Number of protein chains: 2
Amino acid sequence: MLDWDQLAECHKALGDKTRLHILSLLKVEELCVCEIVEVLQITQPAVSQHMRKLKTAKLVRERRNGQWIFYSLDGSIYPFFESIVQTFPDVRNEIEELKKKGLRVLCN
Amino acid sequence: MLDWDQLAECHKALGDKTRLHILSLLKVEELCVCEIVEVLQITQPAVSQHMRKLKTAKLVRERRNGQWIFYSLDGSIYPFFESIVQTFPDVRNEIEELKKKGLRVLCN
DNA sequence: TTCATATATAAGCATATCCTTATATAGCTT
DNA sequence: AAGCTATATAAGGATATGCTTATATATGAA
């Protein structure tokens, strides 16, 4: 069962606009750090630190592929996760923009 | 629709153990500030400030009855609220304790 | 009106958060 | 091994958060 510490940590991780934005992107598809940097236009360390919080809160999982680390959504320990994800704004157009700029290709 | 500001504010309000505790109590039943103070054993201003955050985040509603203000759960603007509430720990025993001590009577 | 009780607000302090820049680590490629 | 790229960590500063004590406001009662 989830205790107060875990619940608070989860919601704390969700309680930041930048991280909600990142999670909304990951809802569309798995992304690596450099792609998220490109979309959000903040520094790479800032993104790394957000990813660490999301990982600690068990809201994302990571998968290394060469020098890239791909992050994807995973809130399977939270019964409410799916219903929260459904409320994320639609950011498919931002991923489309990324692809148009050809930047996704770098990581594949 | 909910935007990122509202979503972040909601989760920020949920991202604190004390507030999760308060919401868990309100899940059992409507309570006034002095009762919450009694259960949590923190100062009255601390509870007041938490209630303000919860109210601003639209997670509770308030109802004045004489000199008491009763708070109750209300996350109706959040589609995921019910599923989050279900994960709150059960604190019915704490309310029972309060009643045994006779402190609930003061407000009724 | 005066007093008592319930709640809210103000001010101040300790700690947490989020960003930045600088540096370290890890994996490719040559 | 040397150099390049992707990511992580460290350090520091500005702002936010959560608590406390002190004070203000609001309601009910005498």
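Order of the sequence lines fixes the chain letters, A, B, ..., with proteins taken first and strands second; residue numbering starts at 1 for each chain. Just the heavy atoms: all of them, side chains too, but no hydrogens, waters or symmetry mates, feed the values below. Source: prediction; values computed, not measured.
- Comparing D:dT20, D:dA8, D:dA6 against the side chain of B:Pro45 picks out D:dT20 as the nearest.
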Per-nucleotide protein contact string for nucleotides 25-30 of chain C, where B marks a base within reach and S marks sugar-phosphate only (heavy atoms under 4.0 Å, - for neither): --BS--
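- Atom pair B:Gln41:CD and D:dT20:P shows a separation of 11 Å (rounding to whole Å applied).
- Listed by chain and number, the residues in a side-chain contact (heavy atoms from CB on, under 4.5 Å) with B:Val85 are B:Lys27, B:Leu73, B:Phe81, B:Phe88 (sequence neighbours excluded).
- Using a 4.0 Å cutoff on non-hydrogen atoms, the parts of residues 49-56 of chain B near DNA chain C are B:Gln49, B:Arg52, ordered by number.
- A distance of 8.0 Å separates SG of A:Cys10 from NE2 of B:His11, quoted to the nearest 0.5 Å.
- When each of B:Lys12 and A:Gln44 is assigned the nucleotide of DNA chain D with its nearest heavy atom, A:Gln44 is the one assigned upstream, toward the 5' end.
- At whole-Å resolution of the value, NZ in B:Lys17 and C1' in D:dC19 are 15 Å apart.
- In this entry the distance linking CD of B:Glu62 with P of D:dT27 reads 12 Å, nearest Å.
- Take B:Lys58 and apply the side-chain contact (heavy atoms from CB on, under 4.5 Å) test, not counting sequence neighbours, and it matches B:Ile77, B:Tyr78.
- Taken residue by residue, residues 18-25 of chain A places no heavy atom nearer than 4.0 Å to DNA chain D.
- The CH2 atom of A:Trp68 sits 17 Å away from the C1' atom of D:dA8 (whole-angstrom rounding).
- Using a 4.0 Å cut-off, no side-chain N or O of B:Ser48 falls inside it from OP1 or OP2 of C:dT7.
- Salt-bridge formation is not detected for the pair A:Lys99/A:Glu35: no Lys NZ or Arg NE/NH1/NH2 atom is positioned less than 4.0 Å from an Asp or Glu carboxylate oxygen.
- Atom-to-atom, CG of B:Asp16 to P of C:dA16 comes out at 13 Å; the value is rounded to the nearest Å.
- Pairs engaging residues 6-18 of chain B under the salt bridge (charged side-chain N to carboxylate O under 4.0 Å, His left out) rule: A:Asp5-B:Lys17 [sequence neighbours left out].
- For A:Asp3, there are no salt bridge (charged side-chain N to carboxylate O under 4.0 Å, His left out) partners, not counting sequence neighbours.
- Residue pairs meeting the ring pair (Phe, Tyr, Trp, His ring centres under 6.0 Å) criterion with at least one member in residues 18-46 of chain A, sequence neighbours excluded: A:His21-B:Trp4.
- Atom P of nucleotide C:dT7 and atom CD1 of B:Ile42 are separated by 14 Å, given to the nearest angstrom.
- A sub-4.0 Å separation between OP1 or OP2 of C:dA8 and a side-chain N or O of B:Tyr71 is present.
- Atom CG in B:Leu31 sits about 15 Å away from atom C1' in C:dT7, given to the nearest Å.
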Please output the side-chain donor-acceptor pairs of residues 45-55 of chain A that fall under 3.5 Å, not counting sequence neighbours, one pair per line with the distance.
unit_1  : atom_1 : unit_2  : atom_2 : d
A:Ser48 : OG     : A:Gln44 : NE2    : 3.2
A:His50 : ND1    : A:Arg19 : NH1    : 3.0
A:Lys55 : NZ     : A:Glu62 : OE1    : 3.2

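- Evaluation of the salt bridge (charged side-chain N to carboxylate O under 4.0 Å, His left out) test over residues 77-92 of chain A, restricted to residues two or more places apart or in two chains, returns A:Asp90-A:Arg92.
- A search for side-chain contact (heavy atoms from CB on, under 4.5 Å) contacts involving A:Glu97 returns A:Lys100, not counting sequence neighbours.
- In this view, A:Arg64 and A:Ile69 satisfy the side-chain contact (heavy atoms from CB on, under 4.5 Å) rule, not counting sequence neighbours.
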